[in-house]
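Comments concern the structure below.
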Amino acid sequence: MSKSLNFNNVTKHYLNITFADEKATTIMVCMPTKSLLRELTDLKSTITAENNIDSMDELYDICVKIMNRNRAGVTVTKEFLEDIFDFEDILIFLKEYMSFVGEVAGRKN
């Protein structure tokens, strides 16, 4: 008897995010790819070493990349985030996202 694995039927985990915009837009963000996770970990060391406006731009950039990995395919732009997210919001999001990633990665299959 042969088994079959169809990735179209695999249950995925998502982090629900509701923005504080006029529409209260909600997206469901999935786990990062290997390259995105590498960017996140590289960015952590950059931010601790240098705290400047370039680092802020990098934070917004990585948040856009993460949020664009959403189930509905909603496009999130850097300009949109800069309008509705302050620095504290960015840090809150990244903390919650990394907590979500750790929680999902730590689950037993």
Side-chain angles (χ1 to χ4, degrees):
M1 176 192 251
S2 65
K3 283 187 117 179
S4 176
L5 173 60
N6 183 342
F7 279 97
N8 293 304
N9 299 329
V10 173
T11 301
K12 297 281 188 165
H13 298 90
Y14 297 92
L15 174 64
N16 293 320
I17 301 167
T18 303
F19 295 110
D21 62 346
E22 293 174 359
K23 299 177 186 176
T25 305
T26 299
I27 59 174
M28 297 169 64
V29 178
C30 61
M31 293 287 285
T33 60
K34 180 182 177 182
S35 62
L36 187 53
L37 190 56
R38 181 174 288 123
E39 279 186 64
L40 270 167
T41 54
D42 289 348
L43 184 61
K44 183 178 178 182
S45 60
T46 302
I47 298 304
T48 10
E50 307 166 16
N51 195 4
N52 58 37
I53 197 71
D54 292 336
S55 296
M56 288 266 310
D57 283 337
E58 290 181 50
L59 285 171
Y60 280 95
D61 289 339
I62 197 75
C63 287
V64 166
K65 287 178 183 179
I66 293 167
M67 291 179 186
N68 278 318
R69 288 188 45 77
N70 67 74
R71 185 174 181 184
V74 173
T75 300
V76 177
T77 65
K78 186 175 178 182
E79 293 77 20
F80 172 75
L81 283 187
E82 288 175 341
D83 284 345
I84 65 168
F85 271 23
D86 61 23
F87 186 65
E88 183 178 18
D89 295 329
I90 290 289
L91 295 178
I92 290 168
F93 167 71
L94 289 172
K95 179 181 176 189
E96 288 300 314
Y97 184 70
M98 292 309 292
S99 175
F100 160 73
V101 169
E103 182 180 308
V104 171
R107 290 183 182 157
K108 291 185 180 183
N109 293 333

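Residue pairs that meet the side chain to side chain donor-acceptor pair (under 3.5 Å) test with at least one member in residues 80-91, sequence neighbours left out, do not exist here. Identified under the salt bridge (charged side-chain N to carboxylate O under 4.0 Å, His left out) test for residues 21-38, with sequence neighbours left out: none.
In the hydrophobic cluster analysis, where Ile, Leu, Val, Met, Phe, Trp and Tyr join through side-chain heavy atoms closer than 4.5 angstrom, Phe93 is grouped apart from Met28. With hydrophobic clusters built from ILVMFWY side chains whose heavy atoms lie under 4.5 angstrom apart, Val10 does not share a cluster with Val29. Under the 4.5 Å side-chain heavy-atom criterion for Ile, Leu, Val, Met, Phe, Trp and Tyr, Val101 and Tyr14 are members of distinct hydrophobic clusters. Taking hydrophobic clusters as Ile, Leu, Val, Met, Phe, Trp and Tyr residues chained together by side-chain heavy-atom distances below 4.5 Å, Leu43 shares a cluster with Val76.
Every salt bridge (Lys or Arg N to Asp or Glu O under 4.0 Å) that Glu103 has, sequence neighbours left out, goes to Arg107. Annotation: side chain to side chain donor-acceptor pair (under 3.5 Å) contacts of Asp61 (sequence neighbours excluded): Lys78. Ser35 meets the side chain to side chain donor-acceptor pair (under 3.5 Å) test with Thr33; sequence neighbours excluded. Among residues two or more places apart in sequence or in another chain, the ring-ring contact (aromatic ring centres under 6.0 Å, His included) test is passed with Tyr60 by none. Taking Thr26 as the reference, Thr18 meet the side chain to side chain donor-acceptor pair (under 3.5 Å) condition, with sequence neighbours excluded. The side chain to side chain contact (heavy atoms under 4.5 Å, CB included) search around Thr77 returns Thr75, Glu79, Phe80, not counting sequence neighbours. With sequence neighbours left out, Ala72 forms a side chain to side chain contact (heavy atoms under 4.5 Å, CB included) with Asn70, Val74. Listed by chain and residue number, Asn6 satisfy the side chain to side chain contact (heavy atoms under 4.5 Å, CB included) test with Asn9 (two or more places apart in sequence, or in another chain).
Between Pro32 and Ile66 there is no side-chain heavy-atom pair separated by less than 4.5 Å. Counting heavy atoms from C-beta outward, Cys63 and Phe85 have side chains that stay 4.5 Å or more apart.
The two atoms that bring Ile17 and Met67 nearest to each other are CD1-CG, 4.4 Å, heavy atoms only. Summarising the geometry of His13 relative to Val104, their closest heavy-atom pair is CB-CG2, 3.8 Å, with the distance given to 0.1 Å. Between Met31 and Arg69, the shortest heavy-atom distance links the atoms O-NH2, 2.8 Å.
Other members of the cluster containing Ile92 do not exist, because no ILVMFWY side chain is joined to it at under 4.5 Å.
Aromatic ring pairs are classed by plane angle as parallel below 30°, tilted from 30° to 60° and perpendicular above 60°; the pair Phe100 and Tyr97 is tilted.
Taken from CG in Leu40 to CD1 in Ile62, the straight-line distance is 4.5 Å, to the nearest 0.5 Å.
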I would like to know whether Arg71 and Ile27 meet side-chain contact (heavy atoms from CB on, under 4.5 Å); could you show each step before the answer? CA-CA 7 Å; Arg71 185 174 181 184; Ile27 59 174; over 6 Å; no

